Amino acid sequence: MAWTTRRVFSEGTAVGKMAASLGSSGWWQRWRRRLSARDGSRMLLLLLLLGSGQGPRQVGAGQTFEYLKREHSLSKPYQGVGTSTSSLWNLMGNAMVMTQYIRLTPDMQSKQGALWNRVPCFLRDWELQVHFKIHGQGKKNLHGDGLAIWYTKDRMQPGPVFGNMDKFVGLGVFVDTYPNEEKQQERVFPYISAMVNNGSLSYDHERDGRPTELGGCTAIVRNLHYDTFLVIRYVKRHLTIMMDIDGKHEWRDCIEVPGVRLPRGYYFGTSSITGDLSDNHDVISLKLFELTVERTPEEERLHRDVFLPSVDNMKLPEMTAPLPPLSGLALFLIVFFSLVFSVFAIVIGIILYNKWQEQSRKRFY
């Protein structure tokens with residue numbers, strides 16, 4: 001982009017020098033107008049690219065480029081968030097907008113709050129970068145409960161799973177700061193884990209979600225004096241979760257799961273909850289990038305859209321749709337034919353019984 005800028009202005013400088021040397025001849029004026037129109041269109045294109053925010057940027061070793069999607073992103077200043085009808089983000093519960101962050105829950109007991117994007121995401125491959133902060137007065141193991149980042153079918157549904165509904169449909173990434181399972185000793189909290197749900201699974205709080213998690217890692221994120229980040233990347237049905245929590249501005253691997261199938265058209269959000277223990281749970285920014293990647297014809301065939309979340313080689317219980325209620329006519333017909341069948345069965349039984357009695361009398365004579 002900088003090379004294009006230099007080229008536009010260098011051409012403008014050259015045109016000025018040529019104009020000074022050649023004077024105001026007719027053919028020169030006509031040629032200059034055409035050149036000025038061409039440079040003007042170049043400059044307009046340049047200004048549009050600069051005004052559209054972050055342009056394409058190559059990431060990784062392969063042919064992957066990312067584009068910031070403002071309709072799914074949030075950063076300071078948080079103008080209109082939660083109050084304006086034109087805002088792209090909604091607040092729920094005890095969440096509140098501050099000047100430097102959005103506080104999902106304060107360091108108080110029995111609070112819950114959430115922040116949800118109003119626009120469904122139809123991107124095929126994406127990356128969500130979350131800048132957050134968890135801090136409070138609680139000492140070791142006397143704080144909670146953590147926050148969650150969501151990509152789900154339903155939004156603005158309060159519930160017990162870090163402030164969101166249980167049996168959700170989609171992806172949940174949890175930053176759990178309190179160990180509920182007392183007997184476990186092999187994992188250190190705070191702990192990051194992920195879960196894919198088709199609406200049939202419940203999050204097990206007593207076991208910190210272990211029966212349904214895809215993976216996890218320890219993440220010491222409380223009361224730090226530097227920025228903490230989490231990134232969720234979904235490319236070619238490959239889910240990767242990384243973190244930058246050491247103040248080194250370097251991503252560190254946490255979870256990597258292939259074969260994750262997520263439908264398009266779900267919503268991004270984040271939520272938090274406190275109980276007897278509490279913490280401040282703050283979100284500073286959410287930035288979603290569209291990733292453009294090359295696919296082979298075979299990958300195009302395999303990566304078709306899905307309508308229910310799933311994970312390869314992981315059996316999720318099937319969702320059984322409830323039977324629709326019977327109408328009045330259907331109920332009447334069922335009762336009527338049941339009575340007719342009962343009467344018919346009774347008549348047949350009486351006839352057979354009488355024939356049996358007659359045959360019994362004939363044997364005695």
Side-chain angles (χ1 to χ4, degrees), residues 59-66 72 120-130 148-155 161-162 164-176 186-187 191-204 207-219 230-243 251-270 288-321:
V59 294
Q63 294 298 316
T64 303
F65 293 85
E66 62 179 25
H72 303 297
C121 178
F122 290 94
L123 301 180
R124 197 175 187 181
D125 305 284
W126 47 264
E127 177 181 291
L128 179 65
Q129 296 180 9
V130 184
I149 299 103
W150 304 98
Y151 175 70
T152 55
K153 180 180 179 181
D154 303 297
R155 60 187 292 273
V161 185
F162 295 90
N164 191 38
M165 63 181 289
D166 197 9
K167 294 189 175 181
F168 59 90
V169 179
L171 169 69
V173 177
F174 312 117
V175 184
D176 193 351
E186 67 272 15
R187 65 175 56 176
Y191 194 83
I192 296 176
S193 63
M195 173 182 175
V196 170
N197 198 353
N198 62 2
S200 64
L201 300 175
S202 289
Y203 180 85
D204 190 344
R207 301 185 60 188
D208 301 310
R210 296 179 68 175
T212 53
E213 73 175 29
L214 299 177
C217 67
T218 295
L230 182 71
V231 63
I232 305 170
R233 181 178 295 171
Y234 181 67
V235 180
K236 293 185 177 181
R237 298 200 170 159
H238 201 103
L239 178 67
T240 305
I241 298 175
M242 298 178 290
M243 54 187 178
W251 293 118
R252 181 154 54 93
D253 292 338
C254 179
I255 302 172
E256 189 170 356
V257 185
V260 176
R261 302 170 184 265
L262 298 176
R264 292 196 272 185
Y266 284 10
Y267 296 91
F268 287 104
T270 178
L288 185 77
F289 296 89
E290 178 183 11
L291 304 182
T292 59
V293 297
E294 294 182 350
R295 281 181 167 84
T296 65
E298 179 67 14
E299 288 175 332
E300 290 287 351
R301 185 182 66 83
L302 293 175
H303 296 173
R304 293 177 179 175
D305 287 348
V306 296
F307 301 98
L308 203 62
S310 64
V311 181
D312 293 350
N313 303 320
M314 179 179 177
K315 182 65 175 178
L316 296 179
E318 296 291 338
M319 286 293 293
T320 56

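Just so you know, these numbers come straight off a predicted model, no measurement behind them. Numbering starts at 1 and runs along the sequence shown.
Under the rule for a side-chain hydrogen bond (donor to acceptor under 3.5 Å, both in side chains), T218 has no partner lying at least two apart in sequence or in another chain. For S310, the side chain to side chain contact (heavy atoms under 4.5 Å, CB included) partners are R261, not counting sequence neighbours. Partners of R237 under the salt bridge (Lys or Arg N to Asp or Glu O under 4.0 Å) rule, at least two apart in sequence or in another chain, do not exist in this structure. The ring pair (Phe, Tyr, Trp, His ring centres under 6.0 Å) check on Y267 picks up nothing, with sequence neighbours excluded. Qualifying ring pair (Phe, Tyr, Trp, His ring centres under 6.0 Å) partners for F168, counting only residues two or more places apart in sequence or in other chains: W150. For D166, the side chain to side chain contact (heavy atoms under 4.5 Å, CB included) partners are P160, V161, S202, Y203, not counting sequence neighbours. Residues passing the salt bridge (Lys or Arg N to Asp or Glu O under 4.0 Å) test with R252, sequence neighbours excluded: D246. Considering only residues two or more places apart in sequence or on other chains, E290 meets the side-chain hydrogen bond (donor to acceptor under 3.5 Å, both in side chains) condition with none of them. In terms of the side-chain hydrogen bond (donor to acceptor under 3.5 Å, both in side chains) criterion, residue partners of D125 (sequence neighbours excluded) are, by chain and number, R295. In terms of the salt bridge (Lys or Arg N to Asp or Glu O under 4.0 Å) criterion, residue partners of K236 (sequence neighbours excluded) are, by chain and number, E299. Residues satisfying the salt bridge (Lys or Arg N to Asp or Glu O under 4.0 Å) test with R301, not counting sequence neighbours, are E298. A search for side chain to side chain contact (heavy atoms under 4.5 Å, CB included) contacts involving T270 returns L104, L115, L147, I149, V283, L286, not counting sequence neighbours.
When side chains are defined from C-beta on, L171 does not count as touching V260, because their heavy atoms never get closer than 4.5 Å. The shortest side-chain heavy-atom distance between V196 and L214 falls under the 4.5 Å cut-off. Residues I232 and W126 meet the side-chain proximity criterion, which asks for heavy atoms closer than 4.5 Å. By the 4.5 Å heavy-atom criterion applied to side chains, L201 and M195 are counted as neighbours. Looking only at side-chain heavy atoms (C-beta outward), F162 and V175 stay at 4.5 Å or farther from each other. Residues I241 and L230 are in side-chain contact: their nearest non-hydrogen atoms beyond the backbone lie under 4.5 Å apart.
Side chain of Y191 to backbone of D208: no donor-acceptor contact under 3.5 angstrom is found.
In this structure, CE in M165 is found 13.5 Å from CZ in R155, a value given to the nearest 0.5 Å. Between the CD1 atom in I192 and the CE atom in M242 there is a gap of 12.0 Å [rounded to 0.5 Å]. Rounding to the nearest 0.5 Å places NE2 of H72 at 8.5 Å from CZ of F122. Atom CZ of residue R233 and atom CD of residue E66 lie 7.5 Å apart, to the nearest 0.5 angstrom. Atom CZ of R124 sits about 8.0 Å away from atom NE2 of H303, to the nearest 0.5 Å.
When every heavy atom of M243 is checked against every heavy atom of C217, the shortest pair comes out as CE-SG, 3.6 Å. For the residue pair P211 and D204, the shortest heavy atom distance occurs at CG-OD2, 3.8 Å. Nearest heavy-atom pair across L262 and V306 is C-CG2, 3.8 Å. Here the closest heavy-atom approach between residue G265 and residue P120 is recorded as O-CB, 3.4 Å. A pairwise comparison of heavy atoms in T152 and D154 identifies OG1-O, 2.8 Å as the closest pair. What you find for V169 and P309 is that their closest heavy atoms are CG1-CD, 3.7 Å.
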Side chain to side chain contact (heavy atoms under 4.5 Å, CB included) between V173 and Y151, intermediate numbers included: CA-CA 9 Å; V173 177; Y151 175 70; over 6 Å; no
Verdict with reasoning, H238 to E256, per side chain to side chain contact (heavy atoms under 4.5 Å, CB included): CA-CA 7 Å; H238 201 103; E256 189 170 356; 3.0 Å; yes
Full working for side chain to side chain contact (heavy atoms under 4.5 Å, CB included) between L288 and L123: CA-CA 10 Å; L288 185 77; L123 301 180; 3.8 Å; yes
